[in-house]
Student: 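Sharing a structure with you now.
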Amino acid sequence: MSDALPREEPTSAGIKDVAALAGVSIATVSNALNHRERVAAPTLGRIDRAIGMLGYIPNGAARSLAAGRTRSFGLILSDLGNSLFVDIARGAERAADERGLSVVLANSDGKLEREDRYVELFAETRVRGVLLTLNDASHFRAIVGRHAHGQPLVMLNFHDDSGRYCTASIDNEAGGHLATTHLLETGRRRIVFVGGPDTLQPVADRRRGFRRALASAALDPVDEIAPTWVNRADGWQVGQALADRVLGGDIDGIVAASDLLAAGIVQALSERSIRVPEALGVIGYDNNQAAWDAPIPISTVSQPGEELGFVGSQLLIDEVEEPDHEHRAIRLAPSLIARRSTER
């Protein structure tokens, strides 16, 4: 039989040990962990040194419960396949980093049930607040109805002037006007708008900008086509349907509500040997990879996605930290990027 003494398991340092070594109360250590702004700098220094010497690791879940919220916020994105939303995430993370916070991502695919589920999940995990990218007004009304008195919630890519929530969005009507004006400046006059459904707020706004630009030029739309969605396959179907009208000279310009639509349209027309931009000009919207990495680089309206995510995060952080916070609706300006698809 071995007479060796049983090995003692190492014990982890606790908050009491940190308080004793730093010469402060447990409450002061708790404040240093959860509300550093409440603790004087010299005291913070002693506590931080004690934590380092003892190798103390705070219990994140316990800290969240004590503080009432975590050091993170949630970001629910509509479509991770669209580079706009990747840019939004980058901007949100940049704003979070500046405040010592982190971002937890979720992808809803634009489905209300998933948006609703993630808002509820984030509430249960006590994040500081939620950024939610939206494009459908009916989804907005549903979310407002179910979570009207919950955690701080900021809407991105959606504008609402009621003052119920902070919103940060792109001025999509200005973007639609910008795209159409560009085609007019290249000499196109028989112009079609392609984008749908109109339940998508950004698409409806871009359509209004399209109409306003044509009205300013004393022109009427040749047609307005609303496919079921805004993806490449939808654009391909529209291109196939419009090909004969392009060949007949009825159409010399197309404003597409997304770059994916524009790319699908150009692909379908090329299969009918219709040359872009010689036969007609095509412009998209978003400035994602579908525009700049196409066989014929597509002109587009660029959205400042990273700035949108950054501004939205600032709105959310301010709402959490400022007792007298007032809801604001911020709109950012888009910009034109002219490429081969609209050259003359």
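Below, all heavy atoms of this structure are taken into account, side chains as well, without hydrogens, waters or symmetry copies.
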Student: Please walk me through it: do Leu247 and Asp244 pass side chain to side chain contact (heavy atoms under 4.5 Å, CB included)?
Tutor: CA-CA 5 Å; Leu247 289 169; Asp244 287 339; 4.3 Å; yes

Student: Any Lys/Arg nitrogen of Arg99 or Asp318 sitting under 4.0 Å from an Asp/Glu carboxylate oxygen of the other?
Tutor: yes

Student: Counting heavy atoms not belonging to Glu326, are there more than 12 under 6.0 Å from its CD?
Tutor: no

Student: Is a side-chain N or O of Asp234 found less than 3.5 angstrom from the main chain of Asn231, in a donor-acceptor match?
Tutor: yes

Student: Do Leu178 and Phe193 share a hydrophobic cluster (ILVMFWY, side-chain heavy atoms under 4.5 Å, transitive)?
Tutor: yes

Student: Quick one: which of Val127, Leu315, Leu316 gives a side chain to side chain contact (heavy atoms under 4.5 Å, CB included) with Pro152?
Tutor: Leu316

Student: Keeping the roles fixed (side chain from Thr133, backbone from Ile76), state whether a donor-acceptor pair exists under 3.5 Å.
Tutor: yes

Student: Do Asn157 and Ser78 have side chains that approach each other closer than 4.5 Å (heavy atoms only, starting at C-beta)?
Tutor: no

Student: Should we say atom CZ of Arg275 is surrounded by more than 12 heavy atoms from elsewhere, each under 6.0 Å from it?
Tutor: no

Student: Using the side chain to side chain contact (heavy atoms under 4.5 Å, CB included) criterion, which residues pair with Arg46? Sequence neighbours excluded.
Tutor: Ala22, Val24, Thr43, Arg49

Student: Please check this pair: side chain of Arg188 against backbone of Thr342, looking for a donor-acceptor N/O pair closer than 3.5 Å.
Tutor: yes

Student: Counting heavy atoms not belonging to Asp109, are there more than 12 under 6.0 Å from its CG?
Tutor: yes

Student: Is there any side chain to side chain donor-acceptor pair (under 3.5 Å) pair reaching into residues 134-143, and which pairs are they, with sequence neighbours excluded?
Tutor: Glu115-His139, Asp136-Ser138

Student: Would Asn287 and Gln303 count as a side chain to side chain donor-acceptor pair (under 3.5 Å) if you check the C-alpha gap in whole Å, the side-chain angles of each, and the deciding distance to 0.1 Å?
Tutor: CA-CA 7 Å; Asn287 192 33; Gln303 303 191 77; over 6 Å; no

Student: Check whether Arg340 reaches the backbone of Pro277 with its side chain - one donor and one acceptor, N or O, closer than 3.5 Å.
Tutor: no

Student: Does the Lys NZ or Arg CZ of Arg94 fall within the cation-pi geometry relative to Phe310 - under 6.0 Å from the ring centre and within 45° of the axis?
Tutor: yes

Student: Taking side chain to side chain donor-acceptor pair (under 3.5 Å) as the cut-off, I'd like each qualifying pair that reaches into residues 249-263, sequence neighbours left out, listed once.
Tutor: Asp259-Thr300

